[in-house]
Amino acid sequence: MEKLLIRGGVPLEGEIGISGAKNAALPIMCAALLTPETLRLAKVPRLMDVRTMTGLLERMGVAAHAPEPGALELTAARIADPRAPYELVRTMRASVLVLGPLLARCGEARVALPGGCAIGLRPVDQHVKGLEAMGAEIRVEHGDMIARAERLRGARIVMDLVTVTGTENLMMAATLADGTTVIENAAREPEIVDLAACLSAMGARIRGAGTDVIRVEGVAALGGAAHRVMPDRIETGTYLAAVAAAGGRVRLTEAAPDTLDATLDKLREAGARISVQQDSIELEMNGRPHAVDLRTAPYPGFATDMQAQLLALDTIAQGTAMVTETIFENRFMHALELQRLGADIAIEGNTAVVRGVERLQGAAVMATDLRASASLVIAGLVAQGETLIDRIYHLDRGYEALEAKLGALGARVERRR
Ligand code: UD1
């Protein structure tokens with residue numbers, strides 16, 4: 001299994017370009033199922049999850065073609081097999097995003113229930129509830145959701161809780177429904193706005209994406225379109241947190257600073273000097289960070305996908321920080337690994353109490369999920385000596401060219417097989 005060796009303790013300095021957003025690319029790829037015409041995408045990140053999603057679409061009969069790196073053309077002329085099997089859904093929960101588009105286009109779908117995942121229960125009841133309100137019949141058989149609908153019809157759906165992929169699934173399904181769908185208590189994440197922009201380019205009629213009420217007027221058919229995937233705000237935040245922790249100066253280009261307010265506020269509170277231009281961000285950090293408290297929340301609150309990285313920053317901060325996780329019930333697995341590097345963290349319910357220590361020391365650690373792995377990389381960059389991170393396939397799911405980008409900042413990072 002591949003490992004990442006980091007020799008820490010050097011400040012980071014340089015400029016790197018931000019990739020397209022994983023969490024925007026995955027739902028947008030599923031939108032290709034809604035039309036027989038070609039969807040042309042640019043800025044698709046080269047990530048394991050994108051390859052998995054391409055494979056899933058291909059086995060349904062979608063033609064996938066990458067004319068150049070970062071470009072992807074998807075044509076679902078005919079959907080031969082509207083199924084997402086457990087082997088794929090298990091490795092990538094976002095596979096559930098095919099459910100809404102398949103139902104809308106084919107009137108049937110068979111999608112494995114995602115089951116448990118390392119960071120928590122993550123059920124899909126809200127996806128099901130919304131599709132049922134639109135007239136779908138869904139039953140569970142042998143671990144699969146089997147869904148059917150003659151033609152979905154518009155409905156008013158009040159989500160019981162804010163769910164990102166749930167909102168995306170319903171928004172996609174509603175584009176081809178008969179009549180208008182109103183999704184209330186919708187998620188407001190920027191990736192939903194990006195998906196809505198792509199769907200609109202395909203001919204969908206959507207209003208309110210980015211607010212908590214989304215209105216979709218169904219149309220008879222959607223067509224092909226070209227769309228550029230938005231910049232990855234979590235990748236951006238991860239590199240900013242790394243430099244805030246290790247010290248130094250970075251310029252991130254091709255970014256979307258307006259999607260990062262909560263993270264930038266916290267990094268400023270930690271003592272980083274940050275300046276923002278239209279599509280780039282500069283951060284400079286001298287000395288030890290100050291401890292920052294945080295509480296995760298749906299957008300525009302502080303992203304759960306940035307919690308582990310800021311917690312890593314807090315491990316070497318001056319003072320004690322309270323980090324509260326409200327979205328996923330089991331998202332502190334990185335805490336135990338960070339302790340192996342010398343961090344002082346106590347978990348009390350859904351709060352981590354992090355007492356900043358002056359320095360971390362390199363050690364062998366294990367990546368447990370995508371963002372937890374990112375926190376170990378940050379800690380490894382700060383730690384004195386060598387940190388060897390095992391199971392880095394988690395990182396490859398979400399960070400394009402991680403070693404190359406860190407290397408461009410002067411970090412001493414290498415992949416070991
Ligand atoms: C998406 C992101 C993920 C991020 C998460 C929260 C993608 C591909 N993934 O995941 O990176 O960490 O948003 O910002 O975009 N829930 C239910 N019932 C449902 C759906 C969700 O109870 O039907 C609960 C979940 O268990 C969780 C919370 O709602 O506690 C939020 O989950 P959700 O927003 O759905 O996360 P994902 O869309 O899976």
Side-chain angles (χ1 to χ4, degrees), residues 20-31 45 47-50 52-53 56 84 88-100 111 113-133 138 140 145 157-173 183 185-196 212 229-230 232-235 237-238 259-260 262-263 295-309 324-334 350 369-375 394 397-399:
K22 169 177 88 75
N23 285 355
L26 296 175
I28 287 170
M29 290 170 71
C30 295
L47 298 171
M48 191 57 85
D49 275 7
V50 167
T52 308
M53 184 62 86
L56 173 59
L88 288 172
V89 180
R90 196 184 51 187
T91 57
M92 187 184 62
R93 210 181 162 277
S95 320
V96 77
L97 282 164
V98 299
L99 179 62
V111 176
L113 275 170
C117 112
I119 61 174
L121 204 53
R122 300 178 93 172
V124 287
D125 56 301
Q126 297 302 306
H127 305 232
V128 170
K129 176 182 138 173
L131 292 169
E132 283 177 343
I138 303 180
V140 175
M145 291 182 278
I157 301 161
V158 183
M159 311 287 270
D160 295 339
L161 49 83
V162 178
T163 151
V164 179
T165 50
T167 302
E168 290 165 344
N169 236 337
L170 300 183
M171 189 166 80
M172 287 192 278
I183 307 170
N185 199 21
R188 293 180 280 168
E189 267 66 3
E191 291 76 13
I192 288 171
V193 180
D194 205 34
L195 172 63
D212 60 0
V229 177
M230 66 173 282
D232 197 312
R233 63 194 167 98
I234 307 302
E235 186 199 26
T238 300
T259 62
L260 275 141
T263 298
R295 188 181 177 83
T296 63
Y299 192 84
F302 188 88
T304 175
D305 284 351
M306 279 302 302
Q307 178 256 104
Q309 299 89 315
T324 304
E325 173 59 53
T326 73
I327 309 289
F328 293 114
E329 62 269 27
N330 185 23
R331 209 173 196 182
F332 282 128
M333 279 155 327
H334 41 289
N350 66 345
D369 72 58
L370 173 53
R371 307 305 169 185
S373 317
S375 79
H394 289 293
R397 288 188 43 216
Y399 290 93

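Keep in mind the model is a prediction, meaning the values are calculated, not measured. Remember, it's 1-based here, ligands and their atoms both numbered in the order they're listed.
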Q: Answer with yes or no whether G166 contacts ligand 1, where contact means a heavy atom under 4.0 Å from a ligand atom.
A: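 Distance cut 4.0 Å: G166 fails for ligand 1.
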Q: Return yes when Q307 approaches ligand 1 closer than 4.0 angstrom through a heavy atom, no otherwise.
A: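 No; Q307 lies far enough from ligand 1 that no heavy-atom distance drops under 4.0 Å.
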(Q) I'd like to know if the side chain of N185 reaches the main chain of V158, judged simply by a donor and an acceptor atom lying under 3.5 Å from each other, with no hydrogens or angles considered. (A)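 The answer is no, because no donor-acceptor pair under 3.5 Å joins these two groups.
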Q | Sidechain-backbone polar pair: T167 side chain, A187 backbone, donor-acceptor under 3.5 Å | A |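 Yes, the answer is positive, given that a donor and an acceptor are paired below the 3.5 Å cut-off.
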Q | All side-chain hydrogen bond (donor to acceptor under 3.5 Å, both in side chains) counterparts of T91, not counting sequence neighbours | A |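 Counting only residues at least two positions away or on another chain, T91 forms no side-chain hydrogen bond (donor to acceptor under 3.5 Å, both in side chains).
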Q | Results of side-chain hydrogen bond (donor to acceptor under 3.5 Å, both in side chains) for Q307 - residues two or more places apart only | A |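 Expected list: E325, H334.
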Under 4.0 Å from a heavy atom of [X]: which atoms of ligand 1 are those, numbered in the order shown and with their elements?
| X | value |
| --- | --- |
| R331 | 12 (O) |
| H127 | 23 (O) |
| Q126 | 18 (N), 19 (C), 23 (O) |
| P123 | 16 (N), 17 (C), 18 (N), 19 (C), 20 (C), 21 (C), 22 (O), 23 (O), 26 (O) |

For ligand 1, which part of [X] has a heavy atom less than 4.0 Å away: the side chain, the backbone, both, or neither?
| X | value |
| --- | --- |
| D305 | side chain |
| M159 | neither |
| R93 | side chain |

Would you check if [X] and [Y] make a side-chain contact, meaning some heavy-atom pair closer than 4.5 Å?
| X | Y | value |
| --- | --- | --- |
| I234 | M306 | yes |
| P298 | I327 | yes |
| E168 | I192 | yes |

(Q) Please check whether D125 reaches ligand 1 - meaning an N/O of the residue sits under 3.5 Å from an N/O of the ligand, judged on distance alone. (A)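 Among all N and O atoms of D125, at least one is under 3.5 Å from an N or O of ligand 1.
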Q) Does N23, backbone or side chain, put an N or O under 3.5 Å from an N or O of ligand 1? A)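 N/O-N/O distance under 3.5 Å: yes.
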Q) Does D49 pair with R93 as a salt bridge, N-O distance under 4.0 Å? A)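 The answer is no: the pair does not qualify as a salt bridge.
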(Q) I'd like the name of whichever of T304, T163, L161 reaches closest to atom 24 (C) of ligand 1 through any heavy atom. (A)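 Nearest option to atom 24 (C) of ligand 1, by heavy atoms: L161.
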